[in-house]
Structure formats: C-alpha cells, structure tokens
Amino acid sequence: MRTRLIAGNWKMNGSTSLIDDFGRAFTDAALPEAVKVVVIPPFPYLEAARQAFRNTPLQLGAQTLNPIDSGAHTGEVSGRMLKELEVRYVLVGHSERRELYRESDEQVFDRLLAALHVGLVPILCVGESLAERDAGQTMEVVLRQVGYAMARLDPEQRQQVVIAYEPVWAIGTGRTATPEQAQEVMAGIRAYQAEFNTTLAEQLTLLYGGSMNAKNAAELLAQPDIDGGLVGGASLKTDDFYAICQSAG
Ligand SMILES: O=C[C@H](O)COP(=O)(O)O
C-alpha cells in the first residue's frame, strides 16, 4: 500500500497563535492509520511548530530551500538548517516560486538534489497554466517538469521524491480540477515513472493540490492515483484541515 500524505502549505500566512491552535487540535489526534500529515508554515514559525507539535502526529515541512549549504546568501535558508529544526519535507518548484520568483526547471532540480543530499523528502510540484491546458499542452508541460528532475536522479533518489500535481488555474481560485481531470494527469505521471521502473512507479506518492477542501477532499482522494493532497487555503483552518486528514483514511 502506498503512503497517504496530507500536506498543509501555509504559504506566507499564519501566526504563532495558529501554530498553537494546531498543536492543541492535533494533540493525541486519532488520525487514520497510515496517513502522514505535514504542516508547512513560513520559516519563522518552524521552531514554534517544532515545540507545539511534540505530542501530535504532525510532521514539519518547509516551503523552499537554497541549494547551497551555507555562505554569503542573504535571506536564504539551507537544507542543513531545516534539518536542525527537525523538518522532514520540503517543497520544491511550487508554481508560485516558478512564476513569482522565476525558478527554472534547472533551479528546481538543484533544490531537489540539495534536499535529497541532506535527507529531506522533496515534494516536487508540477502543473500547467490555464493557457497551457486550453492549448491541449497539459501532459506535455507536466511531464517536462517531472522529467527534467526525475531523469537526472538515480533510482534510489527517485524513490525518495513525492510529486504534487497542482494545476495552476486551480490554485487559490476555488476552481478545483474534477477528480477525473486530476486522475488523468496523475495516472500519466505514474505511467511516466513506470518507464524507469514499474515497482517505483507503483510506490510513488502523488499529491493533488488546487482548492482542495473539506468538502471535495474525499472524492479526489478516492481516485486510484491520488495518494494525498497539498492543501493551501484550507490548511489555515484547523477544523477543515483536520477533516481533510480524516478523509484520507
Ligand atoms: O500548495 C498548495 C497549493 O498551491 C494549493 O493551494 P490552494 O489549496 O489554496 O488552492
């Protein structure tokens, strides 16, 4: 059975009091067995989260990392620093990083490799824009993003990567991909992986992201190639996020 994973990406939102709310809500939480839950707050809240989540099943994630270990890179954070704060997962290639901060496939790959080198689990985010979908280029764009990274990894590294499919037009818009639309692309990603190794493809954890919420999560998560969710807006509401985690069981 594949890992079920729900990750809440707070983006540039949240507060220390929201961290405390999550700590309280998830203390001794009875989550479905085999569901892993990750909270990905902004960097300044990681230490508070590490403390507040001690008696919870919540694991920590970070939103990006610099590929370099240390040095004169003002404003940047390295994977080694994240590891010190017991961070386990890190997003790479989120569409907001690709768009707003002009991260190329090459830069995304450097970050992914750096994450693997320090023992973080990278969540590689991929997805097409609305114009690309309308032009019938969805699979081409998504497989280019997946392929650029995966083809450069060795089999053991490939096994560590989680992939999140996030159609850009569904992010923060309230317009979720239909379960069928998401399933079609995610089956395509798994089939692409199977070209390297069928066992690895079968074990690959694939997340859907894009306006997932407490109402639509169960239907999305029921699709055969959707193993979990990368949740933005709804991960800022404790009750909604808790409900999404329950739907993953
Ligand atoms: O990282 C999360 C995704 O970008 C989805 O965000 P959203 O749930 O607010 O659409």
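When reading the values below, keep in mind they use all heavy atoms of this one structure, side chains included, and skip hydrogens, waters and symmetry mates. Both counts, for ligands and for their atoms, begin at 1 and track the order of listing. Worth saying up front: this structure is predicted, and the values here are computed from it rather than measured.
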Item to check | Check: Glu156 main-chain N/O paired with Gln160 side-chain donor or acceptor under 3.5 Å | outcome: yes
Checklist outcome for this item: Ranked by distance from atom 8 (O) of ligand 1, the top protein heavy atom is Gly232 N, 2.9 Å
Checklist entry - Quick one: which ligand 1 atoms are inside 4.0 Å of a heavy atom on Gly210? => result 5 (C), 10 (O)
Checklist entry - Can you tell me how far the CG atom of Asp21 sits from the OG atom of Ser15, to the nearest 0.5 Å? => result 7.5 Å
Item to check | Atoms of ligand 1 close to Leu230 [distance to a heavy atom under 4.0 angstrom, numbered from 1] | outcome: 1 (O), 2 (C), 5 (C)
Checklist entry - How many angstroms lie between atom CG of Leu116 and atom CZ of Arg158, to the nearest 0.5 angstrom? => result 11.5 Å
Checklist entry - What residue and atom, counting heavy atoms only, is the protein's closest point to atom 2 (C) of ligand 1, and at what distance? => result Glu166 OE2, 3.1 Å
Item to check | Closest contact, heavy atoms only, Ile163 versus Ile189 | outcome: CD1-CG2, 4.0 Å
Item to check | Residues Glu86, Arg50: salt bridge by 4.0 Å N-O rule | outcome: yes
Checklist entry - Does Arg2 come within less than 4.0 Å of Glu202, counting only side-chain N to carboxylate O? => result yes
Checklist entry - What are the atoms of ligand 1, with element, lying closer than 4.0 Å to any heavy atom of His94? => result 1 (O), 2 (C), 3 (C), 4 (O)
Next on the checklist: Quick check on contacts: which atoms of ligand 1 are under 4.0 angstrom from a heavy atom of Ala170?
Outcome noted: 10 (O)
Item to check | Identity and distance of the protein heavy atom lying nearest atom 6 (O) of ligand 1 | outcome: Lys11 NZ, 3.2 Å
Next on the checklist: Taking distance alone, with N or O pairs closer than 3.5 Å, would you say Gly209 contacts ligand 1?
Outcome noted: no
Item to check | Atoms in ligand 1 flagged as close to Gly172, the criterion being non-hydrogen separation under 4.0 Å | outcome: 7 (P), 9 (O), 10 (O)
Checklist entry - For ligand 1, is any non-hydrogen atom under 4.0 Å from Asn9's backbone (N, CA, C, O), its side chain (CB onward), both, or neither? => result side chain
Item to check | Joint hydrophobic cluster, Leu85 plus Phe43, side-chain heavy atoms closer than 4.5 Å | outcome: yes
Item to check | Ser211 neighbourhood, listing ligand 1 atoms whose heavy-atom distance to it stays under 4.0 Å | outcome: 7 (P), 8 (O), 10 (O)
Checklist entry - Do Tyr208 and Gln181 have side-chain N/O donor and acceptor atoms under 3.5 Å apart? => result no
Item to check | Atom indices of ligand 1 within 4.0 angstrom of Ile171 heavy atoms, with elements | outcome: 4 (O), 6 (O), 10 (O)
Checklist entry - Are side-chain N/O atoms of Glu103 and His94 paired as donor and acceptor at under 3.5 Å? => result no
Next on the checklist: If you measure every N or O of Glu96 against every N or O of ligand 1, does any of those distances drop under 3.5 Å?
Outcome noted: no
Item to check | ligand 1 to Gly233 polar contact by distance, N or O atoms, under 3.5 Å | outcome: yes
